[in-house]
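None of the values given here were measured: they were computed from a predicted structure. By convention in this document, chain letters (A, B, ...) are assigned in the order of the sequence lines, proteins followed by strands, and residues within each chain are numbered from 1.
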Protein chains: 2
Amino acid sequence: MIKEKCLTCDIKSAAVGHLDESQLRILGENCAEASFKKGEVIIKQDSLSSNIIYLKDGLVKTSMEWNHKNQILNIIKAPAYLGIPTTLVDKVNHYSVSALEDSIACFIDINTFKMLIDRNGKFAYEIIIHLCKNELLQYRRCVYRSQKHIPGLVADTLLFFSSEIYMDETFRLPIDRGEFGDLIGTTRETVSRMLKEFQEDHLIEMKGKVVTLVNPDRLIMISMHG
Amino acid sequence: MIKEKCLTCDIKSAAVGHLDESQLRILGENCAEASFKKGEVIIKQDSLSSNIIYLKDGLVKTSMEWNHKNQILNIIKAPAYLGIPTTLVDKVNHYSVSALEDSIACFIDINTFKMLIDRNGKFAYEIIIHLCKNELLQYRRCVYRSQKHIPGLVADTLLFFSSEIYMDETFRLPIDRGEFGDLIGTTRETVSRMLKEFQEDHLIEMKGKVVTLVNPDRLIMISMHG
DNA sequence: TGATATTTGTGAGTATGCTCACGTTTTTTC
DNA sequence: GAAAAAACGTGAGCATACTCACAAATATCA
């Protein structure tokens, strides 16, 4: 029964965990699942939006374009909510979201989402905590991006993928050099040179897009010193 | 009667506007008002925190220190909430808040705040909207800071004070050159040189700390082109 | 499997803005 | 109102990272 899909979903968010059976049923009735291939756009900046998205599976980037330049704001692994600020504040998306790996997303009707906030305080509280954590993360990122130099930022990014996304010292980089640059505010060429330097110093090894952190402790030092 | 202070407060936040009389009474019983002189620290990074702050009057900056460098995250005019993320997520403050002008702040007990979120959906919704707006603002700031050059950022800042804080083309800069630099990610010296250049080009006039935007349209152009 | 597109590597030259040093002005304090 | 402290102005030299141009490698597609 399709209406029960949220009732039986086993990757509920912390917020949805606080819903009662009737609320879960309403959520199920106002929610649609879609899958996206690597590279596909899930939310497009400047388009209209009337859904909150719950990323059930996969990996995405959020990015903002300005003056023909792109900046990656965040790389987000499932499970996670996407687009809460951009959908709740006004109807126009302020940033894009696209899939870095094949992903599955649930589109939740915004009015249903607002109703759940209104009727279930614990749901609302979890959403608030989620937004707060994001804000703090964003502040830290912003400070690092403007105060660290390229080596520190490249080290940060490698450590981020290793310890926050893939939980492994060997992983396949889900972004190309240009995107790597957009993430830390530099250019394709500079990322290339930096990764080469890290390889020459035996901090990392690379075979194509597969990276191994050979000396993560040293990378942490570089990250800390900027 | 001190317990009625929130009931009769005439600068209630949008969120507090949704509270009923008994909730306002509870808020009043768990809330204390304090005043701060220009320059005083309201929240200190790395200290413990157990209050949400409602800035009733004044002007503050939020800032984050890293590696002996300071970055100003935001400049906030009353009325506004301060420190929601830093207090709700964990007990340690992730950033500092200090007064740029004489200010009055209400300290709200965090458990009272959580209780209000739990019991009043409209209150929670307003807090969520506040956090979302802040997140979008923060994203935009971060993109600008890393993509615009110094002239664009200086123009941005002057326009920000003029049209968002003081609502006047003539205003007294509430920050010194060093803080101006911390706000846009550059140095005291570079801000000095830029402001001098703007004066030579008759875009602004300055007498001490009092600035007049002589040619705001041209400043907007500079801001847009970065 | 070949052809085309995309991604990546690399060098040289350059610009933006930082650092450092010192002098001047303004503000604060006693 | 004098002394001290803080804030500000300014120049010279320098470093980091950007731009531009092109070659090499890798991926994609018919």
Side-chain angles (χ1 to χ4, degrees), chain A residues 37-40 67-72 98 100-101 144-158 172-201 204-211 222 225-226, chain B residues 37-40 61 67-72 98 100-102 144-158 172-201 204-211 222 225-226:
Chain A
K37 292 229 173 64
K38 183 182 164 171
E40 284 186 320
N67 253 19
H68 315 291
K69 287 182 193 169
N70 214 282
Q71 178 155 332
I72 296 184
S98 39
L100 292 176
E101 289 171 0
Y144 289 164
R145 212 171 338 209
S146 73
Q147 297 197 348
K148 288 189 182 184
H149 285 188
I150 305 294
L153 292 168
V154 171
D156 271 3
T157 305
L158 294 171
R172 190 175 178 287
L173 255 190
I175 51 175
D176 62 34
R177 300 292 186 275
E179 288 176 307
F180 201 131
D182 292 341
L183 183 56
I184 61 176
T186 186
T187 58
R188 179 180 76 70
E189 294 93 326
T190 302
V191 172
S192 261
R193 280 184 256 264
M194 210 63 241
L195 289 175
K196 187 195 169 199
E197 213 173 286
F198 280 3
Q199 288 174 76
E200 287 168 353
D201 296 348
I204 62 172
E205 278 172 11
M206 291 190 75
K207 275 184 190 159
K209 281 197 177 294
V210 177
V211 186
I222 292 173
H225 284 89
Chain B
K37 291 229 173 67
K38 184 182 162 170
E40 285 186 320
K61 66 171 178 180
N67 252 18
H68 314 292
K69 284 181 196 170
N70 214 281
Q71 178 155 332
I72 296 184
S98 39
L100 291 176
E101 289 171 359
D102 294 354
Y144 288 165
R145 214 172 337 213
S146 72
Q147 297 197 348
K148 288 189 183 184
H149 285 189
I150 305 294
L153 292 168
V154 171
D156 271 2
T157 306
L158 294 171
R172 191 178 176 288
L173 254 190
I175 52 176
D176 63 33
R177 300 292 186 276
E179 289 175 306
F180 202 131
D182 292 341
L183 183 57
I184 62 176
T186 185
T187 59
R188 179 181 75 73
E189 294 93 326
T190 301
V191 172
S192 261
R193 280 186 257 262
M194 212 60 241
L195 289 175
K196 188 194 167 199
E197 212 174 287
F198 280 4
Q199 287 174 77
E200 288 170 352
D201 295 347
I204 62 172
E205 277 172 12
M206 292 190 74
K207 274 183 190 159
K209 281 198 176 295
V210 178
V211 187
I222 292 174
H225 283 90

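Note: CG (B:D176) to P (D:dA5) measures 18 Å, nearest angstrom. Atom C1' of nucleotide C:dT8 and atom NZ of A:K207 are separated by 19 Å, given to the nearest angstrom. Between B:Q199 atom CD and D:dC8 atom P there is a gap of 13 Å when expressed in whole angstrom units. Rounded to an integer number of Å, the gap from CD1 of B:I175 to P of C:dT27 is 16 Å.
Applying the side chain to side chain donor-acceptor pair (under 3.5 Å) test to A:T157 and every residue at least two apart in sequence or in another chain returns nothing. Residues satisfying the side-chain contact (heavy atoms from CB on, under 4.5 Å) criterion with B:E179, sequence neighbours excluded, are B:K61, B:I72, B:L100, B:I175, B:D176. Residues satisfying the side chain to side chain donor-acceptor pair (under 3.5 Å) criterion with A:Q147, sequence neighbours excluded, are absent altogether.
We find that B:E200 and B:K196 are joined by a salt bridge, their nearest charged nitrogen and carboxylate oxygen being less than 4.0 Å apart.
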Taking only N/O atoms, report every protein-nucleotides 23-26 of chain C pair under 3.5 Å with atom names and distance.
none

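Residues B:L158 and B:L195 meet the side-chain proximity criterion, which asks for heavy atoms closer than 4.5 Å. Contact check for B:E197 versus B:R193: no side-chain heavy atoms found under the 4.5 Å cut-off.
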| task | Report the C-alpha distance between A:Q71 and A:D182 in whole Å, list the side-chain angles of each, state the deciding distance to 0.1 Å, and finish with yes or no for side chain to side chain contact (heavy atoms under 4.5 Å, CB included). | result | CA-CA 5 Å; A:Q71 178 155 332; A:D182 292 341; 5.7 Å; no
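Taking a 6.0 Å sphere around NZ of B:K209, one finds it holds more than 12 heavy atoms contributed by other residues, nucleotides or ligands.
Residues A:Y144 and A:L153 approach most closely at O-CD2, 3.8 Å, considering heavy atoms. When all heavy atoms are compared, the tightest approach of A:E101 to A:P174 is OE2-CB, 4.3 Å.
In terms of phosphate contacts, B:R177 brings a side-chain nitrogen or oxygen within less than 4.0 Å of OP1 or OP2 of D:dC8. The shortest distance between the side-chain N/O atoms of A:K196 and the OP1/OP2 oxygens of C:dT10 is below 4.0 Å.
Judged by distance alone, with hydrogens and angles left aside, the side-chain atoms of A:R145 form a donor-acceptor pair with the main-chain N or O of A:L183 at under 3.5 Å.
Annotation: the terminal axes of the helix from C:dT1-D:dA30 to C:dC30-D:dG1 meet at 60°, where each axis is the rotation carrying the C1' atoms of four end pairs onto the next four (5 pairs per end, rounded to 10°).
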| said: Walk along nucleotides 13-30 of chain D from 5' to 3' and tag each nucleotide B, S or - by protein heavy-atom contact under 4.0 Å, base first, then sugar-phosphate. | reply: ----SSBBB---------
